[in-house]
Asker: 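Submitted below is the structure of interest, expressed as structure tokens.
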Amino acid sequence: MTPDYLAIGHITKDVLPGGGFAPGGTVTFAARAARKLGAEVAIVTAAPPDLLQLPLFHDIQIYSLPTETATIFENIYRPEGRIQYVRAVAPPIPTEAVPREWYASPIVHLGPVAQECTPELLDLFPGALIGVTPQGFLRDWSGPSGQVRPIAWVGAAAILPRISALILSEEDLPPGEKGRKMLQEFVRRCPLVACTQGKNGCVIYQHGQNQHVPAYSAHELDPTGAGDVFAAAFLLQLRASADPIAAACFANAAAACSIEKPGATGLPDLLEVTKRMQGLK
């Protein structure tokens, strides 16, 4: 079956502070969110069988490259902020990994976490609304400790003019003037950019203009994956309405609902998002 929403990127193992791991990665949260919002969803990834067989993915089509290696992240939280490490990396995802019957997917979301998506993937989906969340293009972990550090997006010029929307967080950008210049470059190259700002909502950049879209109130319990939920909701509504501001309002409401419950199992459905937009609980 051709999915409504196709997410491409690594399903990850995120090391938990007390031991064990939780499934993570952009495609995990975005695909789960899109499914909860009523879309037929598929994932193209590279992940080992123990991840693919989790109940979280039972109603999502998955094609994975055969591998026993997962991309593994470990986050260390200190008073001065989070330090992130990459402990292992799954193989990159080539164009051959995408089933041909999925080329007709109307929405395609490239959600790299570790440089695993190549520009050639865009060639497969000439008629799709294509969204990119670029976190995985903006990090490097090549040092001996595997600690993540921010880098410039080397392949931005090959990707941004060819996609429908770039969705990123202000936290993905370097602080200060360097981050502002990077965002300006993205806006110059990409026809539509949505930059999320946490509890302050988001800013939509299009046609040389920008518009702030406020957030919805929420009682934060777990912010993990909120940006990925925003991205999935934004792309679904953008496809449905062709209105970036309406899509941003919808996505802000979905993200607000998502942070009130823990993990990827508590993501909102369409009724919950609609009620939040109407000011109801």
Side-chain angles (χ1 to χ4, degrees), residues 1-11 25-35 37-47 52 57 59-65 90-138 153-168 186-187 189-194 204-206 227-244 247-248 250-251:
M1 177 188 297
T2 300
D4 305 316
Y5 186 103
L6 174 61
I8 305 176
H10 285 166
I11 298 171
T26 291
V27 298
T28 294
F29 283 92
R32 188 72 252 156
R35 186 72 189 101
L37 291 170
E40 294 294 333
V41 177
I43 294 172
V44 174
T45 191
L52 305 177
F57 302 114
D59 55 355
I60 294 174
Q61 301 178 78
I62 299 180
Y63 177 82
S64 177
L65 295 172
I93 301 171
T95 55
E96 303 82 55
V98 182
R100 286 188 173 273
E101 60 268 28
W102 294 357
Y103 289 7
S105 302
I107 301 173
V108 176
H109 178 181
L110 296 191
V113 294
Q115 302 281 355
E116 69 267 30
C117 297
T118 66
E120 289 75 22
L121 287 166
L122 301 178
D123 298 334
L124 305 181
F125 312 105
L129 185 153
I130 300 177
V132 171
T133 45
Q135 297 98 319
F137 293 130
L138 298 170
W153 182 0
V154 175
I159 290 179
L160 290 175
R162 302 178 59 196
I163 66 174
S164 308
L166 180 74
I167 306 112
L168 75 164
F186 293 166
V187 170
R189 292 183 180 277
C190 189
L192 173 62
V193 176
I204 301 299
Y205 298 87
Q206 189 179 39
D228 305 321
V229 173
F230 176 98
F234 182 81
L235 293 172
L236 286 169
Q237 189 61 26
L238 184 63
R239 176 74 183 188
S241 69
D243 183 340
F250 183 80

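Residue indices begin at 1 and follow the sequence shown.
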Asker: Could you check L65, T118, L121 and say which one makes a side chain to side chain contact (heavy atoms under 4.5 Å, CB included) with P94?
Answerer: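 That would be L65; it is the only one of L65, T118, L121 passing the side chain to side chain contact (heavy atoms under 4.5 Å, CB included) with P94.
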Asker: When you check the gap from the basic side-chain N to the acidic O, do D4 and R35 get nearer than 4.0 Å?
Answerer: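 No, no charged N to carboxylate O under 4.0 Å.
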Asker: If you compare all heavy atoms of I159 against all heavy atoms of V132, which two are closest, and at what distance to 0.1 Å?
Answerer: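 Scanning both residues, the minimum pair turns out to be CG2-CG2, 4.3 Å.
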Asker: Write down the atom of A128, the atom of S105, and the distance for their closest heavy-atom approach.
Answerer: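 It is CB-O, 3.3 Å.
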Asker: Run the ring-ring contact (aromatic ring centres under 6.0 Å, His included) check on Y63 and W102 step by step: do they pass?
Answerer: CA-CA 10 Å; Y63 177 82; W102 294 357; 7.3 Å; no
Asker: Evaluate the side-chain proximity of T45 to L52: yes if any heavy-atom separation is below 4.5 Å, no if none is.
Answerer: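 SC-SC contact between L52 and T45 confirmed.
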Asker: Rounded to the nearest 0.5 Å, what's the gap from CD1 on I130 to CG on L124? Could you check?
Answerer: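 Going from the CD1 atom of I130 to the CG atom of L124 covers 9.0 Å.
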Asker: Out of P92, P112, P134, which one pairs with C117 under the side chain to side chain contact (heavy atoms under 4.5 Å, CB included) rule?
Answerer: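 Of the listed options, the one satisfying the test is P112.
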Asker: Might you point out which heavy atoms bring H10 and V27 nearest each other, and give the distance in Å?
Answerer: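 So the minimum-distance heavy-atom pair works out to O-CG2, 3.7 Å.
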Asker: Mark yes or no for whether Q61, through its side chain, and M1, through its backbone, hold a donor-acceptor pair below 3.5 Å.
Answerer: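 Checking the backbone N and O of M1 against the side chain of Q61, a donor-acceptor pair under 3.5 Å is found.
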Asker: Using side-chain contact (heavy atoms from CB on, under 4.5 Å), reason through I60 and R32 one step at a time and then give a plain yes or no.
Answerer: CA-CA 8 Å; I60 294 174; R32 188 72 252 156; 3.8 Å; yes
Asker: CZ of F137 to CG of L160: how many Å apart, nearest 0.5 Å?
Answerer: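 The CG atom of L160 is 9.0 Å from CZ of F137, to the nearest 0.5 Å.
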Asker: Check A165 against C190 and note the closest heavy-atom contact, atom names and distance.
Answerer: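 Shortest heavy-atom contact: C-SG, 4.3 Å.
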Asker: Looking at every heavy atom in both G131 and I167, which two are closest together, and how far apart are they?
Answerer: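 Residues G131 and I167, closest heavy atoms: CA-CD1, 4.5 Å.
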